[in-house]
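Take a look at the structure below.
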Amino acid sequence: MDVADEVVIAEAVASLFLPHLRPPLLALCFSGTSMNPKDFRSLAHQMVDWMADYVEQAGDHPVIPDTQPGDIRAQLPSSAPQEAEPFAQIFADFQRTVIPGMTHWNHPGWFAYFPANHSPPSILAEMLTATLGAQCMSWQTSPAATELEQVVLDWLRQMLGLSESWVGSIQDTASSATLVALLSAREQATQHQYGMKGAAADNADRLVVYASTEAHSSIDKGVKLAGYGLNQLRSIPTDENFAMDPNALEAAIEEDLAAGLQPACVIACVGTTSSTGLDPLEAIGALCKKHNIWLHIDAAYAGSAAILPEHQYILDGVEYADSFVFNPHKWLFTNFDCSAYYVRDVDTLLRTFRSDPEYLKTVYDPQVVNFRDWGIPLGRRFRALKLWFVLRSYGVKGLQEHIRNHITWAQELGEWVEASLNFELLAPVPLGLVCLRFHPPSVQDEEALNALNEALLAKVNQDPRFHLTHTKLRGRYTLRVSIGQLYTTRQHVVELWNLLQTTADQL
Ligand SMILES: *Cc1c(COP(=O)(O)O)cnc(C)c1O
C-alpha cells in the first residue's frame, strides 16, 4: 500500500464520522425551534437530573392527583402556539401543570389494578429508543432491533421454562396479542391459504370461542374485533378458586359440536384480573388437543412469576397451547408498552398477517424475520432495547428476588387477614394479589357488607400514600391489594394493613 492509498483510506474513514456535516445537520434539526444544539445538551442534562430526583422521590407525591375532570385542560391553551416557545417555559409548564395531574404508577404505595412498572435501566433504554427514533417494521429497517428482539424473547422463553418450540415477538399490549391469537385461530379454523380470500370465510359464523367467566375484558373485545361475534363466545363457569371448570368446558364443546358448530379457540387465563385465578392448563389443553382447538394462554400479569422455579407450576400444561402472552410491562420492571407473545407455528401467524406490497420488499426477505408480519400494526417501536437493558441490569436473580418478595409479602398480608376477626380473604393468594374485605361478625347482610367495603375503599384512598382498587367476586365487593411495584417494601404493606384496620374501626 503506498502513501496515496493510505490517504484515500484515511479520508474514507474520516468521512464515516462526517465531522464537517455536524454543525449544519444539527442546525437543521433545531431550525424553527427556540433551542440550539448547546441548549439541547444542557436541557437534556437538566431533565435527567429531574428524572433521577423523580425516581428517588417517587413516594413524595400523592399517589393519585387531587384534580377534577377538566382541571388540567382549563390550564392549557385551546390551540397550538404560532411562534416557537422557549423550552424552559415548556418544561416549567410540565412541572407546574402536568405533574400535579398525574397518577403516579411508580409510587411505592401503588396497590391498585396490577402494576405498570418502570425501572432505571428501562427508563434509560426508552431515552435511547426515542433518540434513535427508528421504525422497526422489517429486518432491514433496523436489523439490530429485529435480532435483539429475537434474542431477548428467547432469553425470556428460557426464563419461563417454555420449550424450544416457542418463538416470540413483542406486541404493544396483551389485548393486541390476544386479538392476534383470535385471528390466527380463526385462520386455522377456516383453513384458508394466505391470500385475499381469508377475510370472508365460509364457516366463520359457525366458529366458537371459549373463556371463563373471569376472563379479561380484552377477550370480549378481541372476539368482537376478530369477527366471531359475541354470541359465539361461551363463558365457562369457574370453581371455588375462580379457575375455569374443565368439565363445564367439555360440556360446552360437546354441545356446540352436537349443534353443528365448530369450536375454534379456547382462551385460558393464568392469573385472572379480579383474583389471580389459575385456569387448569393440563385439563383444558387435553380437551383442546382432542378436538383440535387453538389454545391461547393469557398470562398478562402472572407470567412474570414463572421466572421463579417455585412458581413455574402455574404454567404446567403450557405445552398444549398454540399461543401464550405475558406482559413484562406489568411485573417485569419494563416500561409500558412491552408484551411478550409466543407462538409455536409461525406459518399460521404469517398466513394471517403477512402482506407484501412492492414498496416494502427488500432483498433480504427470504432470509430474515420481518416482524411487521407478526401482528396488526405495520410500524413498530424498538421495544427490545428496554427489555435487554432490564434483563442485563438485574440479571435473572435480581428479577427473581423482587418478584419473590412481592409474593412473600402478599402471602404474609393474606395470613394477617385470615388471622383477623374483622377481615376475610375472598380468594386464594397464589401470587402478588390479596383479595379481602372488611367483615365484622356483627354484619351478615351481603348488601350491607358491600356498602361497608365501598365506604372503606373510598376512605383508605383519601390517604395520599396509598391507592387500591376493587372488584366484585361472586357479587361481593372486594378490595384488591396488588403488590408488585418495584419501590414497594414490606414496610409499605405493613402500613397499608394498619391503615385498613384503623379506617375500618372508624366506620
Ligand atoms: C392486564 C391484563 C390484560 C390486558 O393487558 P394490556 O397489556 O393492557 O392489554 C389482559 N389479560 C389479563 C389477565 C390482564 O391482567
Side-chain angles (χ1 to χ4, degrees), residues 58-74 99-116 214 216-217 242 272-276 301 330 406 409-410 412-414 416-427 429 432-485 487-507:
D60 292 359
H61 299 272
V63 189
I64 56 169
D66 180 18
T67 182
Q68 293 301 311
D71 281 357
I72 308 302
R73 206 169 164 175
I99 289 299
M102 288 305 291
T103 296
H104 298 281
W105 282 71
N106 289 282
H107 192 291
W110 184 267
F111 295 106
Y113 308 103
F114 281 137
E214 293 292 316
H216 189 263
S217 58
F242 303 98
T272 58
T273 311
S274 275
S275 74
T276 61
Y301 156 77
K330 270 187 171 151
H406 295 152
W409 301 332
E412 273 187 274
L413 174 59
W416 302 333
V417 171
E418 277 198 304
S420 146
L421 295 177
N422 289 325
F423 281 84
E424 67 181 343
L425 285 181
L426 294 181
V429 185
L433 176 70
V434 185
C435 290
L436 57 86
R437 74 171 171 178
F438 179 44
H439 187 171
S442 56
V443 187
Q444 288 307 327
D445 178 63
E446 284 293 331
E447 278 190 25
L449 284 170
N450 283 357
L452 202 55
N453 279 281
E454 196 170 346
L456 174 61
L457 179 69
K459 274 205 118 169
V460 166
N461 277 338
Q462 278 168 14
D463 190 311
R465 297 172 303 157
F466 300 107
H467 190 53
L468 339 172
T469 51
H470 80 283
T471 189
K472 276 196 174 164
L473 292 170
R474 310 249 189 272
R476 294 168 166 179
Y477 195 94
T478 306
L479 275 58
R480 291 170 78 266
V481 179
S482 158
I483 303 170
Q485 208 293 316
Y487 310 129
T488 301
T489 65
R490 184 175 178 278
Q491 187 56 28
H492 294 104
V493 181
V494 170
E495 283 169 23
L496 174 70
W497 175 231
N498 290 340
L499 178 69
L500 279 166
Q501 291 173 289
T502 52
T503 312
D505 284 346
Q506 294 158 14
L507 287 176

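- Ion pairing between Glu446 and Lys472 fails under the 4.0 Å rule for side-chain N and carboxylate O.
- The heavy-atom pair separating Val443 from Ala448 by the smallest distance is CG1-CB, 3.8 Å.
- Taking each heavy atom of Lys459 and Thr503 in turn, the nearest pair found is CB-CG2, 3.5 Å.
- Nearest heavy atom pair, residue Phe111 against residue Leu468, reads CB-CD2, 3.7 Å.
- The line from OH of Tyr477 to CG of Leu452 is 11.5 Å long, rounded to the nearest 0.5 Å.
- Thr273 is linked by a side-chain hydrogen bond (donor to acceptor under 3.5 Å, both in side chains) to nothing, counting only residues two or more places apart in sequence or in another chain.
- In terms of heavy atoms, Ser274 sits closest to Leu473 at CB-CD2, 3.8 Å.
- Partner Val429 forms a side-chain contact (heavy atoms from CB on, under 4.5 Å) with one of Ile483, Leu413, Val434 and no other, that one being Val434.
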CA sep, side-chain torsions, deciding dist, call: His492, Leu496, side chain to side chain contact (heavy atoms under 4.5 Å, CB included): CA-CA 6 Å; His492 294 104; Leu496 174 70; over 6 Å; no
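- With values rounded to the nearest 0.5 angstrom, His107 atom NE2 is found 9.5 Å from Arg465 atom CZ.
- The nearest pair of heavy atoms linking Phe242 to Thr272 is O-CG2, 4.1 Å.
- Across all non-hydrogen atoms, the minimal contact from Thr478 to Cys435 is CG2-CB, 3.6 Å.
- Remark: Phe423 engages Phe438, Trp497 in a ring-ring contact (aromatic ring centres under 6.0 Å, His included) (not counting sequence neighbours).
- Between Ser482 and Trp110 there is no side-chain heavy-atom pair separated by less than 4.5 Å.
- No donor-acceptor pair closer than 3.5 Å links the side chain of His467 to the backbone N or O of Gly109.
- Judged purely by atom type and a 3.5 angstrom limit, Asn453 has no side-chain atom pairing as donor or acceptor with the backbone of Leu436.
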Worked check of side chain to side chain contact (heavy atoms under 4.5 Å, CB included) between Tyr487 and Asn106: CA-CA 7 Å; Tyr487 310 129; Asn106 289 282; 4.1 Å; yes
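- Leu479 places a side-chain heavy atom less than 4.5 Å from the side chain of Leu500.
- Between Leu449 and the options Arg476, Glu454, His439, a side-chain contact (heavy atoms from CB on, under 4.5 Å) holds for only His439.
- When the shell of 6.0 Å around CD of Gln506 is examined, it contains more than 12 heavy atoms from other residues, nucleotides or ligands.
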Which atom pairs, donor and acceptor, lie under 3.5 Å between side-chain atoms of residues 58-69 and protein residues at least two apart or in another chain?
| residue | atom | partner | partner atom | Å |
| --- | --- | --- | --- | --- |
| Thr67 | OG1 | Asp71 | OD2 | 3.4 |

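- Relative ring orientation between Tyr113 and Trp105 is described as parallel, the plane-to-plane angle staying below 30° on a 0-90° scale split at 30° and 60°.
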